[in-house]
Amino acid sequence: MISAYKLVSIKDIQSKPSLKKFDCEVEPLNTFLSGYALKSDELGIGKTFVAVSDDGKICGYFTLSTAQISYKEIPNEYKIRLPKYPIPAIRIARLAVSKNMKGKGLGKDLLKQAFMKIVQVSDITGVYFILVDAKETSKTFYEHYGFIKLNDNELCYFMLVDTVKRAIER
Ligand SMILES: CC(C)(COP(=O)(O)OP(=O)(O)OC[C@H]1O[C@@H](n2cnc3c(N)ncnc32)[C@H](O)[C@@H]1OP(=O)(O)O)[C@@H](O)C(=O)NCCC(=O)NCCS
């Protein structure tokens with residue numbers, strides 16, 4: 001069971017030093033949070049949302065940005081009815097849980113929160129795919145939730161926004 005947390009935009013984090021204490025055991029994801037996430041947010045390149053526990057500790061985060069998939073990259077069975085243009089997407093660029101919170105359902109919860117935000121965006125602009133850049137250690141996590149590998153060589157996975165919308169409606 002995950003304990004209570006608040007999900008806040010990184011720009012609303014009062015204690016910036018707490019960002020440096022976050023450790024998900026994947027160094028590039030720690031470094032991004034402490035060194036680049038706020039700057040990316042201010043620039044409007046990537047929006048980061050941070051899970052803060054009752055005692056002020058950062059227990060997880062995710063970052064969203066816009067993206068697109070070129071028509072030729074889309075697997076044939078997902079091309080049906082699509083125009084031969086780049087198709088709009090939102091990328092879950094990063095998602096991480098601190099090492100002492102892993103295995104308690106927070107990753108699942110953050111993924112759900114990311115889905116809710118993506119669905120909100122899809123109400124006001126075109127967004128067809130959800131993309132995720134997995135790591136070798138997390139690819140089975142995304143497969144567990146139905147993400148499909150975009151191509152054979154990389155760790156990029158996708159899902160249709162419509163699949164998420166239908167799951168929420170159920
Ligand atoms: C991957 C990660 C986000 C999962 O978070 P978590 O809080 O430990 O996962 P949860 O406890 O919410 O698990 C939810 C479900 O996913 C499953 N799961 C968790 N990690 C998994 C993994 N690596 N592979 C397969 N399944 C996994 C759990 O068994 C659970 O299944 P259930 O709902 O059927 O019981 C977390 O381990 C992490 O931060 N890893 C390091 C950073 C990283 O690799 N991020 C992804 C790339 S950006």
Side-chain angles (χ1 to χ4, degrees), residues 1-11 13 17-41 43-69 73 88-119 121 127 129-161 163-170:
M1 241 318 250
I2 45 167
S3 40
Y5 71 88
K6 268 193 311 193
L7 189 72
V8 296
S9 162
I10 190 164
K11 63 180 184 303
I13 292 285
S18 64
L19 297 172
K20 282 205 165 71
K21 293 190 186 140
F22 179 77
D23 182 11
C24 68
E25 298 173 302
V26 179
E27 210 35 54
L29 294 175
N30 296 340
T31 311
F32 176 79
L33 185 67
S34 60
Y36 302 100
L38 187 58
K39 204 173 285 176
S40 294
D41 196 284
L43 283 170
I45 294 170
K47 293 286 165 183
T48 295
F49 299 90
V50 178
V52 185
S53 64
D54 285 347
D55 57 1
K57 289 199 183 94
I58 295 191
C59 38
Y61 80 94
F62 62 85
T63 304
L64 301 179
S65 60
T66 54
Q68 59 182 29
I69 312 186
E73 269 185 289
I90 291 191
R91 185 185 301 279
I92 303 175
R94 291 168 188 83
L95 188 152
V97 168
S98 72
K99 65 178 180 190
N100 49 349
M101 287 295 290
K102 280 182 190 171
K104 296 179 180 171
L106 182 59
K108 176 182 179 175
D109 219 60
L110 290 179
L111 188 60
K112 205 163 109 191
Q113 301 274 3
F115 282 160
M116 304 292 264
K117 290 192 183 295
I118 292 167
V119 166
V121 173
V127 47
F129 289 112
I130 301 170
L131 297 178
V132 74
D133 292 325
K135 303 275 180 224
E136 205 47 63
T137 47
S138 63
K139 61 183 191 182
T140 43
F141 172 75
Y142 292 111
E143 286 165 0
H144 182 73
Y145 289 109
F147 278 89
I148 300 154
K149 214 164 183 214
L150 188 59
N151 62 48
D152 290 339
N153 303 320
E154 291 169 29
L155 285 171
C156 184
Y157 284 78
F158 75 95
M159 184 182 279
L160 302 185
V161 172
T163 305
V164 173
K165 279 186 170 169
R166 279 190 277 118
I168 290 171
E169 280 160 17
R170 254 186 261 129

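Read the numbers this way: they start at 1 and go in the same order the structure lists the ligands and their atoms.
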Enquirer: Taking salt bridge (Lys or Arg N to Asp or Glu O under 4.0 Å) as the definition, give me every residue that meets it alongside E25, ordered by chain and number, with sequence neighbours left out.
Expert: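 Here the qualifying residues are K102.
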Enquirer: Name all residues meeting the side chain to side chain donor-acceptor pair (under 3.5 Å) criterion together with R166; count only those two or more places apart in sequence or in a different chain, and write none if there are none.
Expert: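 Result, side chain to side chain donor-acceptor pair (under 3.5 Å) vs R166: D162.
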Enquirer: Please list, chain by chain and in numerical order, all residues satisfying side chain to side chain donor-acceptor pair (under 3.5 Å) with K11, sequence neighbours excluded.
Expert: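 Listed in chain order: S9.
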Enquirer: Can you confirm whether D109 sits close enough to L7 that some side-chain heavy atom of one is under 4.5 Å from a side-chain heavy atom of the other?
Expert: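 No; the side chains remain at least 4.5 Å from each other.
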Enquirer: Taking atom OH of Y36 as the centre, does the number of heavy atoms from other residues, nucleotides or ligands within less than 6.0 Å exceed 12?
Expert: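 No, because the 6.0 Å sphere around OH of Y36 holds 12 heavy atoms or fewer from other groups.
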Enquirer: Could you check whether any side-chain N or O of N30 sits under 3.5 Å from a backbone N or O of C24, counting only pairs where one atom can act as donor and the other as acceptor?
Expert: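 It does hold such a pair.
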Enquirer: With the criterion set at N/O pairs under 3.5 Å, what does the list of contacts between the protein and ligand 1 look like, atom names and distances included?
Expert:
residue  : atom   : partner : partner atom : Å
ligand 1 : 7 (O)  : G107    : N            : 2.8
ligand 1 : 8 (O)  : G103    : N            : 2.8
ligand 1 : 11 (O) : K104    : N            : 3.3
ligand 1 : 11 (O) : G105    : N            : 2.8
ligand 1 : 12 (O) : G107    : N            : 3.2
ligand 1 : 12 (O) : K108    : N            : 2.8
ligand 1 : 23 (N) : T137    : O            : 3.1
ligand 1 : 24 (N) : T140    : OG1          : 2.6
ligand 1 : 24 (N) : F141    : N            : 3.3
ligand 1 : 31 (O) : H144    : NE2          : 3.1
ligand 1 : 34 (O) : H144    : NE2          : 3.0
ligand 1 : 39 (O) : V97     : N            : 2.8
ligand 1 : 45 (N) : L95     : O            : 2.7

